Amino acid sequence: MSTSWMDIAAGRGALGIGLVVVGVAVVALLIGAFLLGARIRRREPAPPRPEEQPQLPEDGPVREVRENREPAEIPRSEHRLTPHELPGHGNSPSRTSASQQRRRWSEGSSGAFGSGGPGSR
């Protein structure tokens with residue numbers, strides 16, 4: 001009678017124990033991550049109560065305004081202006097345009113670069 005199958009079975013027992021240890025470690029990591037997340041969640045502020053929610057203005061919802069804008073003039077100066085010296089602190093100021101007509105592209109052109117149009121005018 002041969003005992004080689006016992007040697008093979010004994011060798012796999014260590015592998016089985018190793019898999020159980022790895023499984024327990026993974027479960028412990030998942031439980032730790034859950035507890036850490038719960039602790040962080042407890043430190044966050046509570047969601048707002050219904051009376052703290054934003055309310056509509058008394059004159060109703062704000063509507064979208066569509067208008068054509070044009071850039072405001074940059075003040076003339078003898079020295080070069082830095083962004084903090086410009087109106088709007090470097091953001092390009094604009095004003096309502098005198099003409100509220102939408103600008104259209106040239107006839108026969110889609111306006112996109114490489115659109116396959118005639119190319120020269």
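Small disclaimer: the values here were computed from a predicted structure and weren't measured. For the single chain, residues carry numbers from 1 onward in sequence order. The figures that follow rest on heavy atoms only: side chains count, while hydrogens, waters and symmetry mates do not.
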Of all the heavy-atom pairs spanning R69 and T96, show the shortest one and how long it is. NH1-OG1, 3.2 Å
Any idea which heavy atoms bring P50 and Q55 closest together, and the distance? O-NE2, 4.1 Å
Would you say that more than 12 heavy atoms from the other residues, nucleotides or ligands in this model lie under 6.0 Å from the CD of E51, or not? yes
What residues form a side-chain contact (heavy atoms from CB on, under 4.5 Å) with I31, not counting sequence neighbours? V27, L35
Members sharing L36's hydrophobic cluster (side chains within less than 4.5 Å): I40
Nearest heavy-atom approach of P57 to V62 is CG-CG2, 4.4 Å
Please say whether more than 12 non-hydrogen atoms of neighbouring residues, nucleotides or ligands are located less than 6.0 Å from CZ in R95. yes
